[in-house]
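Bear in mind the structure is a predicted one, so any value in this text is a computation, not a measurement. Just so you know, ligand 1 is whichever comes first in the structure, and atom 1 is the first atom listed for that ligand.
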Amino acid sequence: MVGLVFDVIIVGAGHGGAAAAIALRQNGFEGSVLVIGRESELPYERPPLSKEYLAKAKPFERLLIRPAAFWGEKDVSFWLSIEVIAVDPAARVLTLNDGRTVSYGKLIWATGGDARKLACSGADLAGIHSIRNRADVDHLAAELDRGSKQVVVIGGGYIGLEAAAVLTKLGCSVVLLEALDRVLARVAGPQLSAFYEAEHRAHGVDLRTGTNVERLIGVDGRVTGVELASGEIIPANIVIVGIGIIPATAAVSAAGAHGDNGVMVDRFCCTSLADIYAIGDCAAFACRYAGGASMRIESVQNANDMAATVARSICGIEQPYDALPWFWSNQYDLKLQTVGLNIGYDHAVLRGRPEERSFSVIYLKDGVIGALDCVNAVKDYVQGRRLIEANAVVDPAKLADVTIPLKAMLA
Ligand SMILES: Cc1cc2nc3c(=O)[nH]c(=O)nc-3n(C[C@H](O)[C@H](O)[C@H](O)COP(=O)(O)OP(=O)(O)OC[C@H]3O[C@@H](n4cnc5c(N)ncnc54)[C@H](O)[C@@H]3O)c2cc1C
């Protein structure tokens, strides 16, 4: 017996969930909307967690995507600190971790992902942290306040690097360990990796690539060090693990939604189950900017734009998801802006001088511009985006010439 019924239920009160609720109302949807979220907070911005919030430069209230009153005005209901543990797609019923059930007309699965944990021994010791949600950062900040300052960051992706930058500025000693031979290897070209490695070292981070962790060691249940495959032990009282996420799709996958790495969706963000959509970090799709390859994109842009696609679709406006990916990362005084995907590029052009801390790397495939990484180079980012949208083919020598603005290269 099911009590309540909502026209739309959104599972996950994060970026995608909030954006979907907002977009439904913007598109004139008048039905009932419920957002169910596992965390205790109303939707908040996640990117500052490894930047201004960790640095205590922004209070939590300023991270809220909308103030509480907004949701009341828009008649969007929230059930917080509640996890959806099962989906019955035939009966259109969700089971919650408090034993209740609730029915939906349409379901939007927007659950993001869970921080991947280390698989080695010692991974459960106290003092080992992820940076995925507010509680993670509050917990980490409390340990820093108690005087723990010897930090090892495991993982040289954006979150690990951003945390290393903040913690160095907060006076911690930071060792960053990356298993691959360069940082940002999954997302950026070698020129960008080399630049960021040099920046972090210049700021005092002991950054080591090609370095594997054997196990974490501790005393009385608390971490005291990281043992490397080489046998070296690096002392640590805080370890931050930034090795990616696992899409949070257990319930919807168990219900039969297709997809190996996240839930597979079509051009309208529909899953293989009727009236169930998936958006954001947990959704995989055939991405035109990756040559049609199936992939998940972990970015605010992707969560927001997929949410807009679903809201339109529910409101009867069929407009497929086809957004150009973009992303940013802040480390020290460096603002990186990325547009496009550099997957499969065959040529990279350096535009500007990394020594001047303002430059871009432009990625081409068969002569066509596919992506740009712009460091303190906003104009390149804005103008380069138009080159990607235009499928522009430009002479690499021209691209490298900083005296010619990128917008002048549009045919
Ligand atoms: C520290 C950090 C820094 C980042 N920096 C950047 C950046 O600079 N730029 C950028 O573009 N992107 C950045 N990202 C990525 C960006 O935040 C994510 O891509 C975005 O949050 C994805 O939105 P989402 O709605 O898919 O998932 P989320 O925002 O993660 O929201 C998912 C929510 O669903 C909840 N949930 C999960 N399972 C259930 C369930 N079964 N029942 C109920 N609730 C559930 C989760 O607890 C979570 O609150 C960063 C992410 C992190 C963690």
Side-chain angles (χ1 to χ4, degrees), residues 9-22 34-55 63 65 78-87 94-98 102 107-116 129-137 140 155 157-163 165-166 187 240-255 262-263 265 269 277-284 296-307 310 323 325-331 334-339:
I9 297 185
I10 300 167
V11 182
H15 276 276
I22 293 168
L34 169 68
V35 184
I36 304 176
R38 199 169 54 173
E39 294 179 63
S40 57
E41 294 87 1
L42 284 168
Y44 59 89
E45 291 173 31
R46 230 163 270 282
L49 293 180
S50 50
K51 308 177 182 76
E52 303 95 318
Y53 187 63
L54 178 59
L63 269 48
I65 289 175
F78 279 86
W79 292 357
L80 297 175
S81 304
I82 297 286
E83 184 171 352
V84 173
I85 55 168
V87 179
L94 305 180
T95 303
L96 313 180
N97 64 341
D98 61 4
V102 58
L107 178 66
I108 305 177
W109 196 260
T111 51
D114 297 311
R116 191 181 290 278
H129 301 266
S130 305
I131 303 184
R132 184 71 201 166
N133 54 45
R134 180 201 187 176
D136 291 340
V137 180
L140 170 60
Y158 285 121
I159 292 176
L161 291 173
E162 288 179 351
V166 169
V187 288
I240 295 174
V241 181
I243 55 171
I245 63 165
I246 298 172
T249 58
V252 78
S253 297
V263 182
V265 296
C269 303
Y277 301 84
I279 60 174
D281 285 8
C282 70
R296 290 185 305 101
I297 296 186
E298 296 170 15
S299 74
V300 169
Q301 167 275 316
N302 180 63
N304 287 343
D305 287 338
M306 282 187 137
V310 168
W326 58 266
F327 185 84
W328 77 94
S329 172
N330 300 340
Q331 296 166 48
L334 301 166
K335 185 167 180 63
L336 168 70
Q337 292 168 291
T338 293
V339 57

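Scanning all protein heavy atoms for the shortest distance to atom 44 (N) of ligand 1 gives R38 N, 3.1 Å. Here the protein heavy atom with the shortest distance to atom 12 (N) of ligand 1 is F327 CE1, 3.4 Å. In terms of protein heavy-atom proximity, atom 1 (C) of ligand 1 is closest to S50 OG, 3.4 Å. Of the protein's non-hydrogen atoms, the one nearest atom 24 (P) of ligand 1 is G16 N, 3.9 Å. Considering only non-hydrogen protein atoms, atom 52 (C) of ligand 1 sits nearest to I159 CD1, 3.5 Å. The nearest heavy-atom contact from the protein to atom 27 (O) of ligand 1 is G112 CA, 3.4 Å. Remark: minimum distance from atom 31 (O) of ligand 1 to any protein heavy atom is reached at G14 CA, 3.3 Å. Closest to atom 16 (C) of ligand 1 among all protein heavy atoms lies V300 CG2, 4.0 Å.
Residue contact annotation: D114 has no non-hydrogen atom under 4.0 Å from ligand 1. Heavy atoms of A110 come nearer than 4.0 angstrom to ligand 1 in at least one pair.
Counting heavy atoms closer than 4.0 Å to ligand 1, residue Y158 contributes nothing at all.
Across the listed options R46, K51, E41, K51 owns the non-hydrogen atom lying nearest to atom 8 (O) of ligand 1. When the heavy-atom distances from atom 37 (C) of ligand 1 to I279, T111, I131 are ranked, the shortest goes to T111. Ranked by closest heavy atom to atom 30 (O) of ligand 1, the top entry among H15, R132, R134 is R132.
We find the CG-CH2 distance between D98 and W79 to be 8.0 Å, quoted to the nearest 0.5 Å. The line from CG of D136 to CD1 of I240 is 10.5 Å long, rounded to the nearest 0.5 Å. Note that the CD1 atom of I10 and the CZ atom of F78 stand 7.5 Å from one another [nearest 0.5 Å]. Note that NZ of K335 is 7.5 Å distant from CH2 of W328, once rounded to the nearest 0.5 Å.
Between V11 and the options L94, V87, I108, a side chain to side chain contact (heavy atoms under 4.5 Å, CB included) holds for only L94.
Between F327 and E298 the shortest side-chain heavy-atom distance does not fall below 4.5 Å. In this structure, the side chains of E41 and L80 stay at 4.5 Å or more apart for every pair of heavy atoms. Residues L334 and L336 fail the side-chain proximity criterion, which asks for heavy atoms closer than 4.5 Å.
Every residue two or more places apart in sequence or in another chain that forms a side-chain hydrogen bond (donor to acceptor under 3.5 Å, both in side chains) with D114 is listed here: R38. Take D281 and apply the salt bridge (Lys or Arg N to Asp or Glu O under 4.0 Å) test, not counting sequence neighbours, and it matches R132.
Within ligand 1, the atoms closer than 4.0 Å to a non-hydrogen atom of I36 are 43 (C), 44 (N), numbered from 1 in the order shown. In the vicinity of E39, heavy-atom distances shorter than 4.0 Å reach the ligand 1 atoms 47 (O), 48 (C), 49 (O). Taking every non-hydrogen atom of P47 and a distance limit under 4.0 Å, the qualifying atoms of ligand 1 come out as 3 (C), 4 (C), 5 (N), 6 (C), 7 (C), 8 (O), 13 (C), 17 (O). Atoms of ligand 1 lying under 4.0 Å from at least one heavy atom of S299, given by number and element, are 11 (O), 12 (N), 19 (O). Taking every heavy atom of V11 and a limit of under 4.0 angstrom, the matching atoms of ligand 1 come to 40 (C), 42 (N), 43 (C). Against a heavy-atom cut-off of under 4.0 Å, I82 is close to the following atoms of ligand 1: 43 (C). Residue G280 approaches ligand 1 through these ligand atoms, each under 4.0 Å from one of its heavy atoms: 26 (O). Within ligand 1, the atoms closer than 4.0 Å to a non-hydrogen atom of E298 are 19 (O), numbered from 1 in the order shown.
Checking side-chain atoms of S50 against main-chain N and O of I159 turns up no donor-acceptor pair under 3.5 Å. No side-chain donor-acceptor contact under 3.5 Å links D305 to the backbone of A323. In terms of modelled atom types and a separation under 3.5 Å, the side chain of Y44 and the main chain of R134 share a donor-acceptor contact. Of the possible polar contacts, one joining the W109 side chain to the A248 backbone as a donor-acceptor pair under 3.5 Å is found. Checking side-chain atoms of T249 against main-chain N and O of V252 turns up no donor-acceptor pair under 3.5 Å.
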Worksheet item: Does the side chain to side chain contact (heavy atoms under 4.5 Å, CB included) test come out yes or no for L54 and L49, once each step is laid out?
Response: CA-CA 6 Å; L54 178 59; L49 293 180; over 6 Å; no
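Looking at V84 next to ligand 1, an N or O pair under 3.5 Å apart turns up. For a threshold of 3.5 Å applied to N or O pairs, the pair formed by D281 and ligand 1 contains at least one separation below that value. At a 3.5 angstrom cut-off on N or O pairs, C282 does not count as close to ligand 1. The N/O atoms of W326, backbone and side chain alike, include none that comes under 3.5 Å of an N/O atom in ligand 1. The shortest N or O to N or O distance between S329 and ligand 1 is not under 3.5 Å. Looking at ligand 1, you won't find any N or O of G113 less than 3.5 Å from one of its N or O atoms.
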